[in-house]
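To find a chain, count down the sequence lines: A is the first, B the second, and so on, and within it residues start at 1.
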Amino acid sequence: MEFAALAERAERVAAHDGDIETTLAVADLLADAGDGGANHGSTDDLPVVVRFLLGRVFPAHDTRTLDVGPALCREAIARAAGPNVDAADVEDRLAERGEIGAVAAAYDFGGQRGLAAFGSGRDALTVAALDEELRNLAAASGDGSESRKRDALFGLFTRCSPSEAAFLARLVLGEMRLGVGEGTVRDAIAEAFLTSETAHDGAESGDDDDGPADGDGPELTAPDDAVAAVERALQVTNDYGRVAVRARDEGIAGLREESLRVGRPVQAMLAQAGTATDALDAFGEVAVETKFDGARVQVHYAPHGAEADDGVPDGDAPGGEGTALGPRLYSRNMDDVTDALPEIVEFVADRVDAPVILDGEVVAVDDDGDPLPFQEVLRRFRRKHDIDRMREAVSLRLHAFDCLHADGDDLLDEPLTARHERLHEFLPDAAADLTVAADTDSIAAEERAALDAGHEGVMLKNPDAAYTPGDRGRDWLKRKPDVETLDAVVVGAEWGEGRRAELFGTFLLAVREGDESAAQNAGNDAADRDAGGRDADDPAPPGYATVGKVATGITDETLADLTERLEPHVVDETGTTVSFDPELVVEVGYEEIQTSPTYSAGYALRFPRFVGVREDKGVDDADSLARVRRFAGDD
DNA sequence: GCTGATGCGTC
DNA sequence: GTCGGAC
DNA sequence: GTCCGACGACGCATCAGC
């Protein structure tokens, strides 16, 4: 498939309104992409197209990365745009247009202009060639690799028509903005390859279509069990490209062969926010667990067989019974994090004596076993160097709360209580407590106990629910304390992207910094400031200290309002960033105050969200650094 | 060798 | 992670 | 309900550049 064709079709997909239309357009595209492989013996573009639509070059469980971000992409675009353009120009244009793809397209690098390339096919990019180029680019490392990546990307842009350039820029940044996400692709795979018309094999998928068409508008025709088969295959496989190919070539029956396997991570089951009342209404009896503030970990372990080889459980290894596998630990996004967490590996290896897949949370603890801030977990979680040394500095502990596979039994469809029993059988001293409650008082008591112990809150689970990987459904609810609130001064902003192209997308917040102990924070003295009153490293005006940024919790309407209101007060603008004189006070919700190496207050808000404008407050009434310090518990 | 910039993945 | 908007 | 895409802070790894 020509890259130009993909880019154009992607534009059309993005232009569709409505889920059904979008899904059908994607399904068409997948069917066409699949043709090449199935019928013409050329390279199979289907898996690549599927991943590209999702803004990926590699499947989720693949550890490879492009290591191309906004900065490098801007440089490559600038170079392709000619000698008179530099990265700063590109950023200025980005601030205007609010979309890197549009910026790249507007430069018009001259590749494949019009139909001139017809026949001669001069250097026309194919999807397969682009995929290979990007994979090569990802493989670059070591000295000079950054410029090699820039060169490679530059070379690609050079060969791009405007619509290709837009696609490429968004692809390398992983932001396709097509309105096509995993849900759409899942439905589109079923629609493309598993409807009664398109089904590859005879596996009759049932006649549970939606019945007679209502006549108006297009409809999806893939049967529910086809969608379910695609979904299940995705859950255990985490590879959209592979599942699409399998659906096309082997139909529903082939998809059903993809199943749980020790050594291959499964998508994590997720939770929605909810209250005790929500849970009681929905479940009757509620399974209550404490919600740990750590990092999700999935444990895979197959202790028996030959000598445990700690072998890499690569996707296609037979991996069945009899193949020993040392404990492997996977993050929520299925990265292998085994090496960073040796004590968890040892802990599991010392206790478990059968093949298992466990789900849990790794937390940092102090010498008393009490939980430490999330930041401490981060110091360990993806570490590659000095692991043994950091192991001394930050202790980790596993709280396991689920069991997906035990000694040959797949437990995904078992009720939570049964899975928890199996878990307890294998890891009694790491299994999280699960108490069943039937009224709000006992749930409240559990919640209080969890918070008093320093945890994040509680999980409220349906005791009868199956484990549904990747699902953020209502069977698991998370309950955290109500947000706290701070009245901060808006001292800067950043122009938005995409939907927020014409608006500010982010606001920089500050608190009043009294003269009591202003010198406490380095680089914050008046003497360090330039004539303009703003330190290059600290965009806070004199008398203020920054505490973070907000970008969410704002409706489109009030965002437009804020933009209009603040734009006249811009005192400085570089690239996509502006600063204001202190004027507007804003109420901001947050979950926690954490120490910050980034902001001049020395603190930052965790999970900040906009609550409202404090029209009743002037800047002198805004909260102070002293108050922040007090809330942080550091007074 | 060290520091800052950049990117990635955790929440 | 949070949130708003579209369906 | 579900999906999608606007965005937050943080700490580690890596590379460029001094």
Side-chain angles (χ1 to χ4, degrees), chain A residues 17-23 55 60 63 65-75 98 140-150 173-187 270 272-273 292-297 331-335 337 340 361-362 373-387 390 394 456 471-474 478 480 483 494 496-501 503-509 537 547-559 588-599 603-611:
Chain A
D17 324 318
D19 295 345
I20 293 173
E21 259 189 77
T22 304
T23 305
T63 54
T65 53
L66 255 29
D67 288 322
V68 172
L72 208 149
C73 187
R74 284 197 301 265
E75 287 174 19
S141 72
D143 276 4
S145 60
E146 216 163 89
S147 58
R148 290 202 298 282
K149 287 182 191 216
R150 197 191 326 107
L173 297 181
E175 298 169 348
M176 295 309 294
R177 293 191 245 254
L178 300 174
V180 174
E182 300 185 356
T184 305
V185 171
R186 181 234 297 136
D187 293 349
L270 305 172
Q272 277 182 359
F292 302 101
D293 191 8
R296 194 81 174 262
V297 161
S331 71
R332 190 176 115 177
N333 281 341
M334 295 152 294
D335 269 13
V337 292
E361 189 94 356
V362 164
F374 176 70
Q375 283 158 296
E376 296 298 314
V377 182
L378 284 185
R379 296 174 65 196
R380 291 287 316 274
F381 200 58
R382 291 172 58 235
R383 177 173 286 279
K384 285 188 181 178
H385 309 299
D386 297 327
I387 291 172
M390 282 307 295
V394 180
E456 206 182 2
D471 193 18
R472 189 183 290 279
R474 316 140 315 277
K478 52 181 168 184
K480 302 197 248 188
V483 296
E494 285 162 33
E497 285 195 53
R499 204 161 60 200
R500 296 189 177 170
L503 306 167
F504 290 134
T506 301
F507 299 95
L508 179 63
L509 305 170
D537 296 329
V547 285
K549 296 187 271 200
V550 229
T552 191
I554 318 173
T555 63
D556 289 357
E557 194 189 349
T558 86
L559 191 56
V588 181
Y590 60 91
E591 187 148 319
E592 183 180 37
I593 291 176
Q594 54 195 345
T595 64
S596 168
T598 308
Y599 292 100
Y603 297 95
L605 308 181
R606 176 141 84 138
F607 308 147
R609 54 264 218 183
F610 177 88
V611 173

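- Nucleotide D:dG8 holds its P atom 23 Å from the OH atom of A:Tyr603, rounded to whole Å.
- When the side-chain nitrogen and oxygen atoms of A:Lys384 are compared with OP1 and OP2 of D:dT14, one or more of them lie within a distance under 4.0 Å.
- The residue A:Arg499 sits close to a base: some heavy atom pair falls under 4.0 Å.
- Among the protein residues, A:Val68 comes within range of the sugar-phosphate backbone only, with heavy atoms under 4.0 Å from sugar or phosphate atoms but none that close to a base.
- The side chain of A:Arg186 contributes an N or O atom lying less than 4.0 Å from OP1 or OP2 of D:dC3.
- For A:Thr552, no side-chain nitrogen or oxygen approaches OP1 or OP2 of C:dG4 to under 4.0 Å.
- Here, C:dG1 and B:dC8 have their C1' atoms 16 Å apart, quoted to the whole Å.
- Of the candidate nucleotides C:dG1, C:dG4, B:dG9, B:dG9 has the atom nearest to the side chain of A:Thr65.
- Counting any heavy atom pair closer than 4.0 Å across all strands shown, A:Thr558 reaches no nucleic acid atom.
- Panel note: side chain A:Arg148, backbone A:Ala140; no donor-acceptor pair is recorded below 3.5 Å.
- Proximity of A:Gln594 to the phosphate of D:dA9: no side-chain N or O atom is located under 4.0 Å from OP1 or OP2.
- Contact annotation for A:Gly589: no contact, since no heavy-atom pair falls under 4.0 Å across all strands.
- A:Ile20 comes within contact range of no nucleotide atom at all, as no heavy-atom separation falls under 4.0 Å.
- To the nearest angstrom, C1' of B:dC11 lies 18 Å from OH of A:Tyr590.
- A close approach under 4.0 Å does occur between a side-chain nitrogen or oxygen of A:Lys480 and OP1 or OP2 of C:dT2.
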A:Phe507 and A:Ile554: CA distance, side-chain angles, deciding distance, side-chain contact (heavy atoms from CB on, under 4.5 Å) verdict: CA-CA 11 Å; A:Phe507 299 95; A:Ile554 318 173; 3.9 Å; yes
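- In this structure, A:Pro608 and A:Gly18 both approach DNA chain C, and ranking their closest nucleotides by distance from the 5' end singles out A:Pro608.
- Backbone-only engagement by A:Glu497 is indicated by non-hydrogen atom pairs under 4.0 Å involving sugar-phosphate atoms exclusively.
- Taking only side-chain nitrogens and oxygens, A:Thr598 comes nearer than 4.0 Å to OP1 or OP2 of D:dC10.
- Taking all atoms of both residues into account, the shortest heavy-atom contact from A:Phe504 to A:Leu559 is O-CD1, 3.2 Å.
- In this model, the phosphate group of D:dT2 is approached by a side-chain N or O of A:Arg474 to a distance below 4.0 Å at OP1 or OP2.
- Using a 4.0 Å cut-off, some side-chain N or O of A:Ser596 falls inside it from OP1 or OP2 of D:dC10.
- Along DNA chain D, the nucleotide nearest to A:Arg380 and the one nearest to A:Leu178 differ in position, and the one closer to the 5' end is contacted by A:Leu178.
- Of the side-chain N and O atoms in A:Arg383, one or more sit less than 4.0 angstrom from OP1 or OP2 of D:dC12.
- Proximity of A:Arg382 to the phosphate of B:dT10: no side-chain N or O atom is located under 4.0 Å from OP1 or OP2.
- Rounded to a whole Å, the CG atom of A:Asp335 is 14 Å from the C1' atom of B:dC11.
- A:Arg379 comes within contact range of the sugar-phosphate backbone alone, with a heavy-atom separation under 4.0 Å but no base atom that close.
- The phosphate of D:dA6 has neither OP1 nor OP2 within less than 4.0 Å of any side-chain N or O from A:Lys549.
- Residue contacts shown for A:Phe607 include a base, since a base heavy atom lies under 4.0 Å away.
- Across all strands, A:Lys149 comes closer than 4.0 Å to no nucleic acid atom at all (heavy-atom distances).
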